[in-house]
Amino acid sequence: MKKILLIATGGTIASKRTENGLMPLILSEELLDYVPAAREFCEVEALQLLNLDSTNITPEHWIMMANAIEARYDSFDGFVICHGTDTMAFTAAGLSYLIQNSPKPIVLTGAQKPIDMENTDARINLLDSLRYACCGKAHDVSIVFGGKVIAGTRARKMRAKSYSAFDSINFPHLASIQDEQIVHYITSECSGRPAFYHELNSRVFLLKLIPGLSPELLTLIEDSYDAFIIEGFGVGGLPDNGEKGFLRAVERLVERGKIVVMATQVVHEGSDMTVYEVGHLAKKKGLMECRDMTLEAAVAKLMWILAQTSDLDRIRAMFNTTIRYDLLFT
Ligand code: ASP
């Protein structure tokens, strides 16, 4: 029987009702008590790493999770992390860069309703995750939720309340799970030892454009950040309104050695700054581009890269290198 480590970090799945609303209070061993069927196909040990609403999860917690897995890597065949849904896609992306080339699966899951509620999605998600973590074809970081298996670099929380909370963005699901059956759509080989990384640089800022936004803020905060992601409109471009405008402000950031990356507010199909003049002009200033990468992956990837180097050419090369399906449009 495969041996799986269940790592509990909190979230709705582990929450109870309190007078101040849902709060993670259910511990890892108790989570397992709700899925007795798991004992039929795997041996599970539980680790209570955190007990937080995922609103409070930070990149330091991603490192904690990666370290916890590294320390126990040889003792288990797979890992299931119970996590809040709100920032699960960021954690999945973070872990995809912190733990690379892992032949053993690392599965994140959670629920829209606490595990102690009658009409919860928690039990099925947890069972599906344990089942997927036992399956020979699974490896690396993924999210198992609502019957979908999504690569850790491709997930986005798309629905705030209904059970099918996550979609895979600009990339197909790796597999689906229904009635205990796993149907694989994408398989690949993975062998050898994983690469574990231990540092992230969280000096990454995200700015969402709205029509008429003044670039003043960028000047005020530029010393506090090493990289700026600008979530623009459509396939990408920057408003050009002269010396005091956005394009000029971004050019100044690049001149000062800051990394500026263009992303799009449109969830599907990604950016392509070559299409419009407003994109061309911006790209000429030295901007990088997310293309089909999710925002969550771009944020986590920059944090991972900037922890390793401040060399601009290396940053560019690393950002544009595909890691675990994160970027296909090159
Ligand atoms: N606020 C919760 C969290 O992210 C939501 C959830 O888990 O569904 O921890």
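Side chains are part of it too, since the values below use all heavy atoms of this structure and drop only hydrogens, waters and symmetry mates. The structure presented is a predicted model; accordingly, all values stated were derived computationally and were not measured. Start at 1 and go down the list; that is how both ligands and their atoms are numbered.
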Residue of the set Val144, Ile115, Asp121 for which side chain to side chain contact (heavy atoms under 4.5 Å, CB included) holds with Leu126
Ile115
Under 4.5 Å side-chain linkage, directly or through intermediates, the cluster mates of Met158
Ile169, Val267
Student check: side-chain heavy atoms of Arg203 and Leu306 closer than 4.5 Å:
no
Anything with a heavy atom under 4.0 Å from ligand 1 counts, so go ahead and list those protein residues by chain and number.
Gly11, Thr12, Asp53, Ser54, Gly84, Thr85, Asp86, Ala111, Gln112
With sequence neighbours excluded, what pairs up with Tyr132 under the ring-ring contact (aromatic ring centres under 6.0 Å, His included) test?
none
Ser164-Lys148 side chain donor-acceptor pair, cut-off 3.5 Å
yes
Listed partners of Trp62 passing ring-ring contact (aromatic ring centres under 6.0 Å, His included), at least two apart
none
